[in-house]
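Have a look at the structure below, then the notes.
In this text, all values refer to a predicted model and were calculated from it rather than measured experimentally. Each chain gets a letter, A, B and so on, in the order the sequences are listed, and its residues count up from 1. Values below: all heavy atoms of this structure, side chains included; hydrogens, waters and symmetry mates excluded.
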4 protein chains.
Amino acid sequence: MSNKIFDAILTQAITKVKTEKQQKIVESAIQLFAEKGYSNTSTAEIAKASGVSEGTIFKHYGTKDKLLLSVILPFVSELFPYMAQELIKKTMSENTTTFEQFLRSLIKDRVEFVTENREIFQIVVKEIVYKDELKKELLPYALANIPPIFKKVLEEFRERGELVDLPADKILKNLVTFLGGFFVSRFLLIDDFNVSEEEIEDAIQFVMNGLRNPQNNALE
Amino acid sequence: MSNKIFDAILTQAITKVKTEKQQKIVESAIQLFAEKGYSNTSTAEIAKASGVSEGTIFKHYGTKDKLLLSVILPFVSELFPYMAQELIKKTMSENTTTFEQFLRSLIKDRVEFVTENREIFQIVVKEIVYKDELKKELLPYALANIPPIFKKVLEEFRERGELVDLPADKILKNLVTFLGGFFVSRFLLIDDFNVSEEEIEDAIQFVMNGLRNPQNNALE
Amino acid sequence: MSNKIFDAILTQAITKVKTEKQQKIVESAIQLFAEKGYSNTSTAEIAKASGVSEGTIFKHYGTKDKLLLSVILPFVSELFPYMAQELIKKTMSENTTTFEQFLRSLIKDRVEFVTENREIFQIVVKEIVYKDELKKELLPYALANIPPIFKKVLEEFRERGELVDLPADKILKNLVTFLGGFFVSRFLLIDDFNVSEEEIEDAIQFVMNGLRNPQNNALE
Amino acid sequence: MSNKIFDAILTQAITKVKTEKQQKIVESAIQLFAEKGYSNTSTAEIAKASGVSEGTIFKHYGTKDKLLLSVILPFVSELFPYMAQELIKKTMSENTTTFEQFLRSLIKDRVEFVTENREIFQIVVKEIVYKDELKKELLPYALANIPPIFKKVLEEFRERGELVDLPADKILKNLVTFLGGFFVSRFLLIDDFNVSEEEIEDAIQFVMNGLRNPQNNALE
DNA sequence: GATGAATGAGAATTCATTCAT
DNA sequence: TATGAATGAATTCTCATTCAT
């Protein structure tokens, strides 16, 4: 997020002391954006939902766009760097000596995080899918931050002999595809209020072993 | 799609002879909706892009909403039932005696189909993600059509001893999660102009075998 | 007016066939802008005054700014080139053998023109004074068109021995200062409905006895 | 300026002790009004430019309109009466025995004054041109104060045989037209940072040779 | 069937002004 | 005295939709 405006909005959103009304504006905005999407939510609705005049919204956030960013940026800016740090920590930690343990820990941790921030997660995904500008800002940022570290982790585990003998790139691609599908389907398509332990275990088994019957080794 | 309006629009969209202008309207609408999203595309833009007056659009489609459905419905109404049929056919076909072959055939076939209809695919996904009403209409429809047949297919292959010994439900969930992630990431997030054979093979290997090193059988 | 947008608006304003409502919009805009100034006139007022919905105004003119230009540009684009042509014609004409005759003819002609377009004249002057952007567009344009030709004319008359022996630049500056003051004071400050012959003659005498070569005593 | 509100604002603006913040408010207001015009300057801008809260502005000045008057009135109320006094003094003074000397002295003095108060001059002219209400207040006031005294002065000089044999009214009209054009063009249209001696002399020569009695050939 | 002028409801945004602290 | 949060009316502008031709 090299963009200066982004930085300005972010620091303001995080550091600035918020009045009660501002709190309510952000809360209402989060709820409405998550539910109906940014484009289908009017500032009048937000104002009404938060018991505030429209003027107040613009006094504090300038434009509807900046309001969206004020909601999104703290989330994404926490999501990714945090992930990066945790990835490394988990790899090294004693509790995650195997890749499977690492994966379990990662999924559980992110499920918890997204569960807590379900609505913002929905907004982010919806707008990345819908607003080209946002996609163009956020996607490169995400791609620049996560994959490199993830790849290192994967290489580490592969060297330990735990992973299939494929380039880390390829492993990463499929893993991210599955995890992306997992989070989006659970937290956006089906508004699943809690992802069960069992479901997580099933996912882990799928990632680790695939669908092939282990007894049936006749590779084609 | 129990909805009568849907049916009416659908039959009209499919059966009715289209004038040249109507063709252009639909083409332009598809392109613009795919690019900018339904909410961010005005009828004025569509009119301009298709070299037609705004009046004409409404003469033919009544409302902007119906225009969207005229674009989407033929696609989804073809996509899902067709898939169902093919699924069965493929399972039974001689060329797809193994699950892996079945999977390969399925993915290739759908990649081809979505590649050809990339823009409508993008519209459908975007609006399912964005418009709750559409999600509520299409998702149940899709869930009612695909999973049951898919489950049958999976059970068939499991009985043949090719698949891991888990309930078809669980297998299905993870498989769909991955395939959903695959198509959305390739055709929507990254506007990939052609998905390579290699990429497909990698995906198949991932689904079939997972990430675990086959040499390392130390199950935890 | 090198600006492309200006050209586009100008040609559209001149060539495009106007509906009755458009006529009324322009008429009302002219009257209100002249009376209250552009900044102090709302599009709602214009809509009301012209018996049209606000939407219609924007359908035709896009923005309030473009409406202003649609009103102003035909006037200025006619005013200056026309002036240039006339200036030369008058100098050469037999009826204007002396500078005084030339001056009289010029003033009368422009008085007539501005009298007919009094309101637009007021708008132009007001906005040049008030809107920096417009001043920056229009002033250089005016300065590039009028002075050079004017200077030639002055030099011609000076060579004929009719004018004081000063650089044409200096003569021009003072002449324009006076004429500018004349038109602005009569048509803007005091909303004078008709400038009398007598007043014009007084002005001419004022100017002449300043510019006339004292050696040249041949009073007409 | 018969208006009581005007008087109240004026006396307050002149007599009341100003806090530092008030000083800054007025300074910023002057600068912004001069640059962008009253209508195009928001109180928020003024607040920001002067490092003061918006509340403070309204605490002190009540309305934006009154702030404008607080800026303008001290200027005009000083400008005109002062001019009147000076006019008489100059006529009688020994240094200004001729009309030309009087004119030179007058122009130089006013050029100096306006140079020092360039911004307020710009505000006054802009708003007189733009705001009908202000024009209706100030113009009659100016017309009631200046012309009568000016006329007396002109009559005095005419009786001395220095001026052309025309009614003082007519002389005045053309003189004011030229001087008005002079000040407005130099200090508003072209933001001339200093009007040169030479330019002033040229203007005087222009005026003199129009007004000077041709029988009176005693050039200074 | 096609046009395009016209609409009016609503969208985002601005702004002078008020008021509790 | 000074603040700045809050307001609501007004402003520019958008847009799906209607309708006479």
Tell me the interatomic distance from [X], atom [atom1], to [N], atom [atom2], rounded to whole angstroms.
X: C:Lys59; N: E:dT7; atom1: NZ; atom2: C1'; result: 10 Å
X: C:Leu67; N: F:dT11; atom1: CG; atom2: C1'; result: 15 Å
X: D:Tyr61; N: F:dA2; atom1: OH; atom2: P; result: 10 Å
X: B:Lys66; N: F:dA16; atom1: NZ; atom2: P; result: 16 Å
X: B:Glu54; N: F:dC19; atom1: CD; atom2: C1'; result: 14 Å

- Task: Grab the two heavy atoms, one from C:Leu68 and one from C:Ile123, that are nearest each other, plus how far apart they are.
- Result: CD1-CG2, 3.8 Å

- Message: Starting the side chain at C-beta, find the nucleotide from E:dT13, F:dT17, E:dA20 nearest to B:Phe58.
- Response: F:dT17

- Query: Choosing from F:dA5, F:dC13, E:dT3, which nucleotide comes nearest the side chain of B:Ser53?
  - Reply: E:dT3

- Message: Reading 5' to 3' and counting Watson-Crick or G-U wobble pairs with both distances under 3.5 Å, write the dot-bracket notation for DNA chain F, | for bases paired outside the strand.
- Response: .||||||||||||||||||||

- Query: Just checking D:Lys64: base, sugar-phosphate only, or nothing, at a heavy-atom cut-off of under 4.0 Å?
  - Reply: sugar-phosphate

- Message: Between C:Lys36 and C:Glu45, does any NZ, NE, NH1 or NH2 come within less than 4.0 Å of an OD or OE carboxylate oxygen?
- Response: yes

- Item | Nearest-0.5 Å distance that lies between atom CD1 in B:Ile25 and atom CD in B:Glu27 | 10.5 Å

- Earlier contact from the 5' end, DNA chain F, for A:Thr56 and D:His60: D:His60

- Could you say whether B:Thr63 or C:Gly55 is positioned toward the 5' end of DNA chain F, judged by the nucleotide with the nearest heavy atom to each? C:Gly55

- Query: Do other residues, nucleotides or ligands put more than 12 heavy atoms under 6.0 Å from the NZ atom of C:Lys18?
  - Reply: yes

- Count the heavy atoms of every other residue, nucleotide or ligand shown that sit under 6.0 Å from NZ of C:Lys135, and state whether that count exceeds 12. yes

- Start with the C-alpha gap between D:Leu67 and D:Ile46, add the side-chain angles, then the distance that decides, and say whether side chain to side chain contact (heavy atoms under 4.5 Å, CB included) holds. CA-CA 11 Å; D:Leu67 173 59; D:Ile46 298 169; 4.0 Å; yes

- Query: Residues from residues 27-51 of chain A sitting under 4.0 Å of DNA chain E, heavy atoms only?
  - Reply: A:Thr41, A:Ser42, A:Thr43

- Message: Counting only heavy atoms and a strict 4.0 angstrom limit, can you tell me which residues of residues 13-25 of chain C come near DNA chain E?
- Response: C:Thr19, C:Lys21

- Does the side chain of D:Phe121 come within less than 4.5 Å of D:Val125's, by heavy atoms? yes

- Query: Within a strict 4.5 Å, meaning less than it, do heavy atoms of the D:Phe33 and D:Glu119 side chains meet?
  - Reply: no

- Message: Test side chain to side chain contact (heavy atoms under 4.5 Å, CB included) on C:Ile72 and C:Tyr38; report intermediate values, then the result.
- Response: CA-CA 11 Å; C:Ile72 280 180; C:Tyr38 173 81; over 6 Å; no

- Message: I'd like to know whether C:Leu134 forms a side chain to side chain contact (heavy atoms under 4.5 Å, CB included) with C:Leu69, so could you lay out the CA-CA distance, the side-chain angles of the two residues, the decisive distance to 0.1 Å, and finally the verdict.
- Response: CA-CA 9 Å; C:Leu134 208 68; C:Leu69 292 176; 3.9 Å; yes

- D:Glu127, D:Lys131, D:Lys126 screened by side chain to side chain donor-acceptor pair (under 3.5 Å) with C:Tyr130, the one that passes: D:Glu127

